[in-house]
Amino acid sequence: MTNDRKHRRSPKSPLLSAAKHHRHHRRDSAFDAAEVGFSGASFTGAVFNLSTTIVGAGIMALPATFKQLGLIPGVTLIIFAAILTEVSIDMILRFSKSSKSSSYAGLAGDAFGGFGRTVLQVCIVVNNLGMLVVYLIIIGDVLAGTWTEGVHHRGVMEEWVGDHWWTSRSSLLLLTTVFVIAPLISFKRVDSLRYTSALSVGLAVVFVAITAGVAIVKLLEGTIRMPVLFPEVVDQASFWKLFTTIPILVTAYICHHNGNFLF
């Protein structure tokens with residue numbers, strides 16, 4: 001009887017030994033690092049990849065937010081969205097530290113289990129596919145031009161080389177997808193995109209500088225109109241059109257799934 005009591009498990013003793021728990025945690029951490037493709041990544045690569053996630057196509061769509069909402073509500077919502085983003089990222093990093101999760105999906109798995117982890121990964125895939133569609137639309141508009149109220153605005157390729165079959169919108173998008181996008185998304189490690197991410201951040205800075213320069217020149221010439229301060233709601237359609245700015249603001253600030261890279 002005494003021997004049986006000695007071999008009984010104490011109700012306060014852990015189900016796994018310390019060594020087994022350490023092995024399981026090390027295996028989960030290795031899985032998280034391999035999952036995000038950022039194991040052993042450089043700090044510079046993490047910064048550029050995170051910066052590209054934050055400063056992306058969303059900055060090109062922000063003027064549409066001001067056009068719909070007006071200057072004062074637009075600035076207010078942008079500041080509010082920035083505060084929400086900062087608070088949510090801080091929460092994610094704090095809980096990642098306490099749960100020892102090295103990825104966004106690992107944190108979701110720790111909080112909601114395997115099902116929650118899978119749902120999060122599916123949502124990230126859907127978001128990435130949607131962003132690819134947005135990028136293709138922007139690339140098509142820049143290279144092949146656009147049509148506005150029956151007027152054709154020529155694209156870069158049409159201006160440079162003229163009208164050919166390979167300067168059409170469908171041909172340019174096909175060539176871009178096959179020779180640019182497909183190779184970039186084929187990398188196993190996210191850190192391999194650090195150079196293209198640095199180029200993307202640089203082009204975003206150039207875009208902002210050009211836009212600011214054009215605005216300053218028009219302001220000095222007196223040809224720029226006074227911005228609308230508040231939205232113009234005249235009917236039900238214009239009211240519902242205000243809600244189209246929500247996806248723009250959300251997309252412009254999405255960077256949570258890459259926040260763990262710098263943590």
Side-chain angles (χ1 to χ4, degrees), residues 48-49 51-69 74 78 122-188 190 192-215 217-218 223-225 237-238 240-255 257-258:
F48 280 128
N49 282 301
S51 300
T52 303
T53 307
I54 300 173
V55 186
I59 63 173
M60 299 182 181
L62 286 179
T65 302
F66 288 95
K67 182 179 180 181
Q68 294 296 331
L69 296 178
I78 287 177
V122 171
C123 291
I124 291 177
V125 169
V126 172
N127 173 74
N128 291 342
L129 289 176
M131 291 306 301
L132 283 176
V133 173
V134 172
Y135 285 134
L136 288 175
I137 293 175
I138 294 175
I139 291 172
D141 291 345
V142 172
L143 297 182
T146 58
W147 286 88
T148 304
E149 298 179 354
V151 179
H152 178 62
H153 302 278
R154 297 172 65 86
V156 175
M157 297 302 296
E158 291 177 327
E159 292 285 349
W160 287 355
V161 298
D163 295 329
H164 302 280
W165 67 268
W166 49 272
T167 59
S168 63
R169 189 183 187 92
S170 56
S171 299
L172 289 173
L173 290 181
L174 177 61
L175 294 174
T176 303
T177 303
V178 173
F179 295 105
V180 179
I181 296 179
L184 290 178
I185 65 176
S186 300
F187 287 114
K188 185 177 181 180
V190 182
S192 302
L193 299 174
R194 59 187 181 274
Y195 299 113
T196 55
S197 296
L199 178 62
S200 176
V201 174
L203 292 177
V205 173
V206 172
F207 170 79
V208 173
I210 294 176
T211 304
V214 172
V217 170
K218 288 184 174 292
T223 57
I224 190 171
R225 295 186 301 172
S238 61
W240 290 113
K241 201 171 183 179
L242 297 177
F243 293 92
T244 59
T245 60
I246 296 178
I248 297 176
L249 289 173
V250 173
T251 303
Y253 282 99
I254 286 181
C255 59
H257 53 285
N258 286 342

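Each residue takes its place number in the sequence, starting with 1.
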Engineer: Rounded to the nearest 0.5 Å, how far does OG of S171 lie from CG of L143?
Structural biologist: 12.0 Å
Engineer: Between atom CG of L62 and atom CD1 of I78, what is the distance when rounded to the nearest 0.5 Å?
Structural biologist: 5.0 Å
Engineer: If I compare all heavy atoms of F179 with all of P183, which pair ends up nearest, and what's the gap?
Structural biologist: O-CG, 3.5 Å
Engineer: Check I137, I139, I138 against D141 for a side-chain contact (heavy atoms from CB on, under 4.5 Å) and give me the one that passes.
Structural biologist: I137
Engineer: Measuring from E158:CD to R169:CZ, what's the distance to the nearest 0.5 Å?
Structural biologist: 10.5 Å
Engineer: Would you check if the side chain of T176 reaches a backbone N or O of L172 as a donor-acceptor pair within less than 3.5 Å?
Structural biologist: yes
Engineer: Is a side-chain N or O of T167 found less than 3.5 angstrom from the main chain of D163, in a donor-acceptor match?
Structural biologist: no
Engineer: Roughly how far, to the nearest 0.5 Å, is SG of C123 from CG of N128?
Structural biologist: 11.0 Å
Engineer: With sequence neighbours excluded, tell me which residues meet ring pair (Phe, Tyr, Trp, His ring centres under 6.0 Å) with W166.
Structural biologist: H164
Engineer: With a cut-off of 6.0 Å (strictly less than), are more than 12 heavy atoms of other residues, nucleotides or ligands near CZ of F243?
Structural biologist: yes
Engineer: When you look at V206 and I210, which way does the side chain to side chain contact (heavy atoms under 4.5 Å, CB included) test go after all the steps?
Structural biologist: CA-CA 6 Å; V206 172; I210 294 176; 3.7 Å; yes
Engineer: Run the ring pair (Phe, Tyr, Trp, His ring centres under 6.0 Å) test against W165 and tell me which residues pass, sequence neighbours left out.
Structural biologist: none
Engineer: Write down the atom of S168, the atom of A144, and the distance for their closest heavy-atom approach.
Structural biologist: C-CB, 4.3 Å
Engineer: What closest approach, in Å, do F48 and V201 show between heavy atoms, and which atom pair accounts for it?
Structural biologist: O-CG2, 4.2 Å
Engineer: Looking at T196 and L193, what are the two nearest heavy atoms and their distance?
Structural biologist: OG1-O, 2.9 Å
Engineer: If you round to the nearest 0.5 Å, how far is CD1 of I124 from CE of M131?
Structural biologist: 14.0 Å
Engineer: Counting only N and O atoms by type, is there a donor-acceptor contact under 3.5 Å from the side chain of T177 to the main-chain atoms of L173?
Structural biologist: yes
